[in-house]
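First the proteins, then the strands, lettered A, B, ... as listed; each starts at 1.
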Amino acid sequence: MTLPERLVPPRAKGSSVARVSKAWYIACSSGELGKKPLEREILGLPIVLFRGHGGEPGALLDRCPHRNVPLSLGRVTQGNLECVYHGWQFDRAGECKKVPALCKGSSGGGAATAFGCVERDGYVWVWPDAEREPVGEPFHFPLVGAPGYTTVHQHVAADASLHATAENALDVPHTAFLHAGLFRSDDRERNPVDVVVRRWPERVEAEYIGEPRPEGVVGRLLSPRGGVVQHWDRFHLPSIVQVEYKLDAAHILVTAALTPESDYRTHLYAVISFKLPVPGWPLVPVLKPIALMIFNQDARLLRRQTEAIRRFGGEHYVSTELDVLGPHILRLLRSAEKGAPEKAEKNGTTSAPKEKRFRMEV
Amino acid sequence: MTLPERLVPPRAKGSSVARVSKAWYIACSSGELGKKPLEREILGLPIVLFRGHGGEPGALLDRCPHRNVPLSLGRVTQGNLECVYHGWQFDRAGECKKVPALCKGSSGGGAATAFGCVERDGYVWVWPDAEREPVGEPFHFPLVGAPGYTTVHQHVAADASLHATAENALDVPHTAFLHAGLFRSDDRERNPVDVVVRRWPERVEAEYIGEPRPEGVVGRLLSPRGGVVQHWDRFHLPSIVQVEYKLDAAHILVTAALTPESDYRTHLYAVISFKLPVPGWPLVPVLKPIALMIFNQDARLLRRQTEAIRRFGGEHYVSTELDVLGPHILRLLRSAEKGAPEKAEKNGTTSAPKEKRFRMEV
Amino acid sequence: MTLPERLVPPRAKGSSVARVSKAWYIACSSGELGKKPLEREILGLPIVLFRGHGGEPGALLDRCPHRNVPLSLGRVTQGNLECVYHGWQFDRAGECKKVPALCKGSSGGGAATAFGCVERDGYVWVWPDAEREPVGEPFHFPLVGAPGYTTVHQHVAADASLHATAENALDVPHTAFLHAGLFRSDDRERNPVDVVVRRWPERVEAEYIGEPRPEGVVGRLLSPRGGVVQHWDRFHLPSIVQVEYKLDAAHILVTAALTPESDYRTHLYAVISFKLPVPGWPLVPVLKPIALMIFNQDARLLRRQTEAIRRFGGEHYVSTELDVLGPHILRLLRSAEKGAPEKAEKNGTTSAPKEKRFRMEV
């Protein structure tokens, strides 16, 4: 299959948009995919999901090869997806299994474009490159079901590029302004902390050492007595962002798999696991609205950022050393676009990272 | 006149869009064009219609040559169309008859672009090629006013190319799916019928031989006792689609003249004439809503097809022999774009057609 | 700074759009700019206005150099504009004065793009070319505060190019059609008047000699007894339009500074000064709604003209000698785009004008 050029428009100069198609992305949660076909978009590709024989999920390009009507308008019958227009039927591999009214011996219908599709950890994952066999397994979320841990799932979406969304999720300095009062704030004595950045071929990590417990609502909830926080931010190719906090007996790990719907629309499937000195589940109804409030502040900001980028025809960024992970994430995404990280993985990712250290006033 | 490039954008690769400008198209019914100018669009050209001296209809490009304001905002005065901005007046030929405030002897205003325009059979027809004199007469609808026949007129529009609209109107296999229950259905024994396709230089016809009366609502209404249907589907350049049924003493002829408003918006002006063993007119109030229901199912489907085509940047069709007329219609439209069918007509269209025969399970 | 190409798209062929960036334009009235930053657009450039130290107005490109978020979302703190995302602060010159969390000795943030900005006559004026130092002073409105004169300010906007807006404002023949009854009308004996056009390198003037007082509402209000009007229409680079009437002891001067928000959106900041035989202020509540009615008729017409221009991909005008000032205005704007009028000004603008004379039936 050669995709129409429209689906792969040239990237604006200076853009932070990356299009990593050789990767597993979450298309939906397992619960969202029932008896009806489901319409999704990944990297600008219209995709239809359905459950074939035995309930196994399948993913096809959402366009009937016959007359180009979306297959998602059809229905599932005996494990095949049937087009609403002329009733052509396709299986999970895209093969055309039936063309109604055709006499035996006549040459049959064409195949639909199929994508790799698996179900893991309660999510349906798609490999949006139809020309290549999927390599490896989807990312596995750690700490889910671990003793003493409570896990919460959350799906949100932002009108921003995958890079801008990931950078925002792992950015510390903006929390004192955009989320003033909730996390950190600006009207106070600042504390110098050490920042250590460690780089591997397919991931990057920032460790913040010596930060007193933040003064905001979130910090007070988690540790009323104060203390010093251990804090890591991580990005893992192709699209995993992770924030980890430790404070005395409290441990919080937020892992989100990002899915690029299109150049400037990104989904976050977040899995939040935490262990607290007190039982965790009573905190869920309190923390969830706060987390959503923080996310909505970010989503509004990211949308305005995207509008500005569109208006000016591209990004034009100036960074300081406080932009700790953003430039590294872009470099990783660019190398993944070229296929480089695959090679790197073969060489093993446990090799010693490159390290850099500096100070920040948090 | 050289049209701005904007009006003739390049056609997407693999597109089924055809732009046959040397042809008569219906712009409106006679009743729609009264004392006020009327705004229409044919092949992407904004056109203003008005009644000049003696009520004769005229068609001009909907743009005053002076300051480019739409002439359709103006009024008709003494058989001329007057621009709302400075009062310039134009006749049916586009000639500028008056520039108010201009002293005698000063050089006058420019002409408006005029199109061929005639009134026939209750419709106003326009020839949307301003650079060529119209050739021949508009298509004449048969059986209107014939003894024993009832005639109904219907105007609908679809968000689809002229080709997709014509193919859909003349397509048999989709009726068992998109219109399940109304016409034919899929959950039944199918019957093999013979299909004969006949091609002439400017038209194509498919004859279906041996089909038992369809089981759906429409078939039962027309012939409660059953029987064997005689059935022809026809396409005639530039844009005439025709469906004919005979069943015992019943005879139905649906003829529709299609008008391409733009690449993906097509009007159907349908003239339905029928003769039944019982008087025809009491059936009109019953058949009209059913016909509209069928058309609305097609219109919804065609709009989704067009959306998919736009999303993917063009059509990418795979056909089987069940796509009886669609590929032939496209070939005819392509030859008409190049002007070939005109030549063919000179050689006479009564020459023997090319014939092809195969079987279909209807 | 090199502007993204998106901001300077190529001009359509035959377009009347002119982009004179080396000029002072009104961005807002003094009263509109308070403690909060204000978002504006000039020549397609997103601009943020704010009051710096001492209340002096500043104008920056509305894009934080750091992560491209609109600066207009931020706030003013101690005379600097603070970005909402990470709290970077900029002064009136665009210099980055603070990057929160950055330790001393680290290299700081980038500068914002700054534009020339001054406050004169109750308006904030911006010079929308960041690459050049402003030359000269903004246009000064005459007769404001002169003895015996009443002055009214009015701000309106039209969806049309600066050229189309200026031509419309100074066009006489359309008043009998678009504003029939209010000003002049078409159903009457017309009077021949002499028109004298005088051209200087940076301005053009038309004088109408011998016109009887117009019959419409406006004329009757200003001079119940009739008489002969003295009337001048003027255009002054870069964007000043002026209409002057004298009739016995009555004197009306309408001066409007036009601001091109974008290619097809233009603001008019009008200053109307008049002296009448009777006190002027009681007339204000009567004349203002009439003036707005006239302007709204023009604005609707101009929007339809712009829609037609967009639809056809550009202007395609045919003129007669009745288009007295429009073609001259376009020539002036084109020369200003190339920077020519600056030179002309050095040679002095008091040199004798080129004169042309003809007759018009008003």
Side chain proximity check, Leu332(C) to Phe235(C), heavy atoms < 4.5 angstrom: yes
4.5 Å side-chain heavy-atom contact, Leu60(B) and Phe50(B): yes
Distance-only side-chain donor-acceptor flag, Glu244(C) / His231(C), under 3.5 Å: no
Chain C contacts, top residue of Asn68(B), Val99(B), Asp62(B) (heavy-atom pairs, under 4.5 Å): Asn68(B)
Winner by heavy-atom pair count (cut-off under 4.5 Å) against chain C, out of Gly109(B), Gly110(B), Gly108(B), Gly87(B): Gly87(B)
Salt bridge flag under 4.0 Å for residues Arg265(B) and Asp159(B): yes
Test of ring centre spacing under 6.0 Å for Tyr269(B) and Tyr123(B): yes
Pick one of side chain, backbone, both or neither for [X], based on which atoms fall under 4.5 Å of a heavy atom in chain B.
{"X": "Glu167(C)", "value": "side chain"}
{"X": "Asp171(C)", "value": "side chain"}
{"X": "Pro192(C)", "value": "neither"}
{"X": "Arg304(C)", "value": "both"}

Top contributor to chain B interface from Ala164(C), Ser319(C), Pro173(C), Ala180(C) [non-hydrogen pairs under 4.5 Å]: Ser319(C)
Criterion ring-ring contact (aromatic ring centres under 6.0 Å, His included) on Trp24(B) and Trp127(B), from CA distance to verdict: CA-CA 5 Å; Trp24(B) 287 110; Trp127(B) 181 274; 5.6 Å; yes
